Amino acid sequence: MKVDRLITDCRLATMVPGGEPYGAIEDGAILIRDGRIVWIGTRADLPDHQATEVDRLDGRWVTPGLIDCHTHLVFGGDRSGEYERRLTGVPYTQIAREGGGIASTVRATRAATDAELTDSALDRLNALTDSGVTTVEIKSGYGLNAETELRMLRVAKGLEWASGVRVRTTFLGLHAIPPEFADQRAAYVDLMVDQILPAAQAEGLVDAVDAYLEPIAFTTEEVARLFDKARQLGLPVKLHTDQLSDGGGAALAARYQALSADHVEYISDDGVAAMAKAGVIAVLLPGAFVMLDETQLPPVQAFRDAGVPMAVATDCNPGTSPLASITLAMALACMKFRLTPEEALAGATRHAAQALGIADQVGTLAVGKAADLAVWDVTRPAELSYWLGKPLLNRRYVGGC
């Protein structure tokens, strides 16, 4: 067998379920051809082959490349000044009345050039790749008009070429009501549903459609309108929901067979059951939980009992989760939500791939999957959610390179 690369003298956390913890293979090896895994197993069982490149990893652990399945990486400015004010006791409501909050990010994003949006997003993306990320989801939602929503999605698509990371783009037009539509809510929903989403899809900029369902954001009826349009356009959906209250969003996500329901701290038992029946992934976002000083935990044990897979992501954004490390998100998920280290790693690999609808391509180390790998300077996989801030990544491979 002729192959492009042999990776050998390593320990493999394949994350394939049903066998050893972490799907572990001791003293393992991987053969790669044309960017994909063509053989994986123990070094003693290597088939006859001719490899153009041979990488000996000196016993290091190899995992699937990590996947950040929920980010808002493209935006203008930051809100560190607001963060500082909140810590001195200024309430968010006052900051918002003064033009802060998401409105300030919308203004900064609209004012930024494409080059400025690309440079700032690439800086954040580089931080994610330093923590082992090889696939990232990026949402729009800080433009809230036709021009800037489309620009955000174009910039996000361009980051794949600029970084070498796999990028999945998500249209989040129903994120907030912009100031110019403060008294024209229905007209804004019409604009997003009937004009901007179809334009983005026609340009090939959308892999999925998202919305924010909360009393401070959008209603079930408004989100359903958007999801009906997504269905007409052949696009999968996902949903920010049940973060601040139980608004029945999980049931809506299940009704539309959404890829995921994200945040879900306040989800009901019926919502958990609906997600389990429909195969919806729960995406846990501990960065926002910590930054907002929340106390309502997502029902992790209920998800386990019902068989709802749990993904873990950074939710990297300027307001509620300025978190740019997927391994730190994993650690927070363990510390705050009581995931096990194996669950956290599955959440940033196998289940994150399911949450993006690409589990047939990435998320586990298996024959036929893309050769997206992360190599770690650790003695056991649990260290990936144990160390806080310690550089652990030795190298990454995307498509075998």
Side-chain angles (χ1 to χ4, degrees), residues 13 15-17 22-23 63-73 128 131-139 166-168 170 172 207-208 210 236-243 249-250 253-254 257-265 267 271-272 275-276 278-289 297-304 306-317 321 323 325-364 372 374 381 384-385:
M15 302 313 296
V16 174
Y22 300 95
T63 70
L66 302 189
I67 301 167
D68 196 346
C69 65
H70 182 130
T71 85
H72 305 254
L73 278 185
L128 288 177
S131 67
V133 167
T134 56
T135 298
V136 64
E137 183 257 18
I138 303 176
K139 304 177 191 293
R166 300 181 194 275
V167 173
R168 304 291 289 180
T170 298
L172 181 57
D207 295 312
D210 197 353
V237 300
K238 54 182 62 180
L239 188 61
H240 287 63
T241 193
D242 298 342
Q243 177 187 11
Q257 294 185 306
L259 294 172
S260 68
D262 301 25
H263 289 291
V264 292
E265 285 94 332
I267 186 174
V272 173
M275 287 177 62
V280 180
I281 309 302
V283 178
L284 308 184
L285 303 170
F289 180 89
L297 294 167
V300 166
Q301 190 57 51
F303 288 140
R304 289 180 183 132
V308 175
M310 293 175 286
V312 176
T314 65
D315 192 17
C316 182
N317 75 72
S321 187
L323 174 59
S325 167
I326 190 66
T327 49
L328 183 52
M330 291 161 54
L332 291 174
C334 291
M335 290 184 288
K336 295 296 184 179
F337 299 162
R338 293 297 184 260
L339 265 64
T340 68
E342 185 176 3
E343 287 175 326
L345 184 53
T349 54
R350 182 172 75 246
H351 297 155
Q354 292 175 284
L356 295 180
I358 54 173
D360 61 330
Q361 303 173 46
V362 293
T364 59
D372 292 3
L384 298 179
S385 55

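None of the values given here were measured: they were computed from a predicted structure.
- Put simply, the residue from Leu259, Val136, Ile67, Val283 that forms a side-chain contact (heavy atoms from CB on, under 4.5 Å) with Leu356 is Ile67.
- The heavy-atom pair separating Ile326 from Ala348 by the smallest distance is CG1-CB, 4.0 Å.
- Between Leu339 atom CG and Ser385 atom OG the span is 9.0 Å, to the nearest 0.5 Å.
- When side chains are defined from C-beta on, His351 does not count as touching Glu343, because their heavy atoms never get closer than 4.5 Å.
- Here Ser260 contributes atom OG and Leu239 contributes atom CG; the two are 8.0 Å apart, rounded to the nearest 0.5 Å.
- Across Val264 and Ala282, no two heavy atoms sit closer than the pair CG2-CB, 4.4 Å.
- Contact of the Pro299 side chain with the Val272 side chain is registered, since non-hydrogen atoms from C-beta on lie closer than 4.5 Å.
- When Asp315, Asp210, Thr170 are each tested for a side chain to side chain donor-acceptor pair (under 3.5 Å) with Lys139, only one passes: Asp210.
- The shortest distance between side-chain heavy atoms of Arg166 and Thr134 does not fall below 4.5 Å.
- Note that CG of Leu284 is 10.5 Å distant from NE2 of His263, once rounded to the nearest 0.5 Å.
- Judged by distance alone, with hydrogens and angles left aside, the side-chain atoms of Glu342 form a donor-acceptor pair with the main-chain N or O of Tyr22 at under 3.5 Å.
- Phe289 CZ to Leu332 CG: the interatomic distance, rounded to the nearest 0.5 Å, is 10.5 Å.
- Between Thr314 and the options Thr71, Thr327, Asp68, a side chain to side chain donor-acceptor pair (under 3.5 Å) holds for only Asp68.
- Rounding to the nearest 0.5 Å gives a distance of 3.0 Å between NE2 of His70 and NE2 of His240.
- Note that CE of Met330 is 14.5 Å distant from CZ of Phe337, once rounded to the nearest 0.5 Å.
- Put simply, the side chain of Leu297 does not reach to within 4.5 Å of the side chain of Arg338, judged on heavy atoms.
- Nearest heavy atom pair, residue Pro64 against residue Gly363, reads CG-O, 3.6 Å.
- Of all non-hydrogen atoms in Ala329 and Leu323, the two that sit nearest each other are CB-CD2, 3.8 Å.
- Ala250 and Thr241 get closest at one heavy-atom pair: N-CG2, 4.0 Å.
- Residue Cys334 comes nearest to Ala344 through the heavy atom pair SG-CB, 3.7 Å, listed as atom of the first residue, atom of the second, then distance.
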### Task
Assess whether side-chain contact (heavy atoms from CB on, under 4.5 Å) is satisfied between Met275 and Ile267, documenting all intermediate values.
CA-CA 10 Å; Met275 287 177 62; Ile267 186 174; 3.4 Å; yes
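- Contact annotation: the side chain of Leu66 approaches that of Leu345 to within less than 4.5 Å [non-hydrogen atoms, C-beta and beyond].
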